[in-house]
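The next block holds one structure in the form of structure tokens; read it before the comments.
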Amino acid sequence: MINKTVSNVQEALSGIESGMTLMLGGFGLCGIPENAIAALVQKKTKQLTCISNNAGVDDFGLGLLLQNKQIKKMISSYVGENAEFERQMLSGELEVDLIPQGTLAERCRAAQAGIPAFFTPAGYGTEVAEGKEVREFNGKMHIMEEAFKADFAIVKAWKGDTAGNLIFKGTARNFNPCMCGAAKITIAEVEELVEAGTLDPNQIHIPGILVQRIFQGEKYEKRIEQRTVRKR
């Protein structure tokens, strides 16, 4: 059995250099690779292109990389919770590629499956379609979208084993699974790391073949972006 465990987050991020393209799992602040993002801040890697559903908040998640001006370009679908993101985008400091959320997910999944491109009706007739091939299927117009090309995919799972098999929990099963295997190297940080053969095969969401490095994270904050409760 191949052991894909690395001793810590620094070893897991080995090889990530300035100018690279990274995929980062999570939705809002749910299921984000907290340890890896914090380590990237410390690593001071710059000129990054980040593919992620959103850019965290001002003082957490990818927002920390934005604060340090480590991100050159964001490829996202939702950016409404980050004032620094908005400031950098409007000032021209940050390149931004806004993509329909389903298209973002499918461009990840296509890369994972080795599919170079696909057609979707989402975005036809809008700025999203500018410069892209258009074809008609069953009387409806579609635009061609290409699969992402990334150097590293960094995901967060609930449990994983030393062979790289992963189980995601609840809403954290969002963009994380479709990013596994969608880059040259996939790094998984997990809350609980167990020996291979411990996990129930029927419960595994992502097989270890799609993961190259795995480590156990620590001190997860699991913040909530906006907490709304009813008045007493």
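The analysis underlying the following values was restricted to heavy atoms, covering all of them including side chains, and did not include hydrogens, waters or symmetry mates.
- The main-chain N or O of Gly31 is found under 3.5 Å from a side-chain atom of Asn176 such that the two form a donor-acceptor pair.
- In terms of hydrophobic clustering, with Ile, Leu, Val, Met, Phe, Trp and Tyr side chains grouped at heavy-atom distances under 4.5 Å, Val57 and Phe27 are assigned to different clusters.
- Residues passing the side chain to side chain donor-acceptor pair (under 3.5 Å) test with Glu127: none are found, sequence neighbours excluded.
- Closest non-hydrogen pair, Met179 versus Val155, comes out as CB-CG1, 4.1 Å.
- Other members of the cluster containing Trp158 are Ile167, Val194, Leu199, Ile204, with ILVMFWY side chains joined at under 4.5 Å, either directly or via other members.
- Counting only residues at least two apart or in different chains, salt bridge (charged side-chain N to carboxylate O under 4.0 Å, His left out) contacts with residues 84-98 comprise Lys69-Glu93, Glu84-Arg87, Arg87-Glu93.
- A distance of 10.0 Å separates NZ in Lys159 from CD in Gln203, rounded to the nearest 0.5 Å.
- In this structure, Val41 is a member of the same hydrophobic cluster as Leu24, with clusters built from ILVMFWY side-chain heavy atoms closer than 4.5 Å.
- Legend: residues meeting side-chain contact (heavy atoms from CB on, under 4.5 Å) with Lys219, ordered by chain and number and at least two apart, are absent.
- Side-chain contact between Phe85 and Asn54: absent, with no pair of heavy atoms (C-beta onward) separated by less than 4.5 Å.
- Other residues sharing the hydrophobic cluster of Val134, ordered by chain and number and joined by side-chain separations under 4.5 Å: Tyr124, Val128, Met141, Ile143.
- Taking OG1 of Thr228 as the reference point, atom NZ of Lys231 lies at 11.5 Å (rounded to 0.5 Å).
- The list of salt bridge (charged side-chain N to carboxylate O under 4.0 Å, His left out) pairs with a residue in residues 38-66, not counting sequence neighbours, reads Asp59-Arg223.
- For residues 196-224, there are no ring-ring contact (aromatic ring centres under 6.0 Å, His included) pairs, not counting sequence neighbours.
- Between Phe152 and Ser14 the shortest heavy-atom distance is CZ-O, 3.8 Å.
- A distance of 12.5 Å separates OG1 in Thr103 from CG in Leu98, rounded to the nearest 0.5 Å.
- The two residues Gly26 and Phe175 come nearest to each other via the heavy atoms O-CD1, 3.9 Å.
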Give every donor-acceptor pair under 3.5 Å between a side-chain atom in residues 104-114 and any protein atom, sequence neighbours left out.
unit_1	atom_1	unit_2	atom_2	d
Glu106	OE1	Arg109	NE	3.0
Glu106	OE2	Arg109	NE	3.2
Glu106	OE2	Arg109	NH2	2.7
Arg107	NE	Glu146	O	2.7
Gln112	NE2	Pro177	O	2.8
Gln112	NE2	Cys180	O	2.8

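- Annotation: Glu195, atom CD; neighbour count of heavy atoms from other residues, nucleotides and ligands within 6.0 Å does not exceed 12.
- Proximity of Met144 to Arg135: side-chain heavy atoms (C-beta onward) are nowhere separated by under 4.5 Å.
- In this structure the side chain of Ile214 never reaches within 4.5 angstrom of the side chain of Thr162, judged on heavy atoms.
- Minimum interatomic distance between Arg213 and Ala12 (heavy atoms only, all atoms of both residues): NH1-O, 2.6 Å.
- The ring-ring contact (aromatic ring centres under 6.0 Å, His included) pairs that include a residue from residues 102-123 are Phe119-Phe137, where partners are two or more places apart or lie in different chains.
- Here the closest heavy-atom approach between residue Gln88 and residue Leu66 is recorded as NE2-O, 2.8 Å.
- Residues Met20 and Phe148 fall into different hydrophobic clusters, defined by Ile, Leu, Val, Met, Phe, Trp and Tyr side chains chained together at heavy-atom separations under 4.5 Å.
- In the hydrophobic clustering of this structure, Val211 does not group with Val9; members are Ile, Leu, Val, Met, Phe, Trp, Tyr whose side-chain heavy atoms approach within less than 4.5 Å, directly or through other members.
- Rounding to the nearest 0.5 Å places CD of Gln10 at 11.5 Å from CD1 of Ile16.
- The neighbour count for Ile115 CD1, taken as heavy atoms of other residues, nucleotides or ligands under 6.0 Å away, is above 12.
- Annotation: the span from Leu193 atom CG to Thr5 atom OG1 amounts to 5.0 Å, rounded to 0.5 Å.
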Side-chain donor-acceptor distances from residues 32-40 under 3.5 Å, at least two apart:
unit_1	atom_1	unit_2	atom_2	d
Glu34	OE1	Glu221	N	2.9
Glu34	OE2	Lys222	N	3.0
Asn35	OD1	Glu218	N	3.2
Asn35	ND2	Glu189	OE2	3.3
Asn35	ND2	Glu218	O	3.2

Output a table of donor-acceptor pairs, distance under 3.5 Å, between side-chain atoms of residues 71-80 and any protein atom two or more places apart or on a different chain; print 'none' if there are none.
unit_1	atom_1	unit_2	atom_2	d
Ser76	OG	Ser52	O	3.0
Ser77	OG	Asn53	OD1	2.5
Ser77	OG	Gln101	NE2	3.4
Tyr78	OH	Glu81	OE2	3.0

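- Pairing each heavy atom of Pro121 with each of Lys140, the nearest pair is CB-CE, 3.8 Å.
- A distance of 11.0 Å separates CD of Glu17 from CG of Leu48, quoted to the nearest 0.5 Å.
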Tell me which donor-acceptor pairs under 3.5 Å the side chains of residues 181-188 have, and how far apart each pair is, sequence neighbours excluded?
unit_1	atom_1	unit_2	atom_2	d
Thr186	OG1	Gly181	N	2.9
Thr186	OG1	Leu210	O	3.4

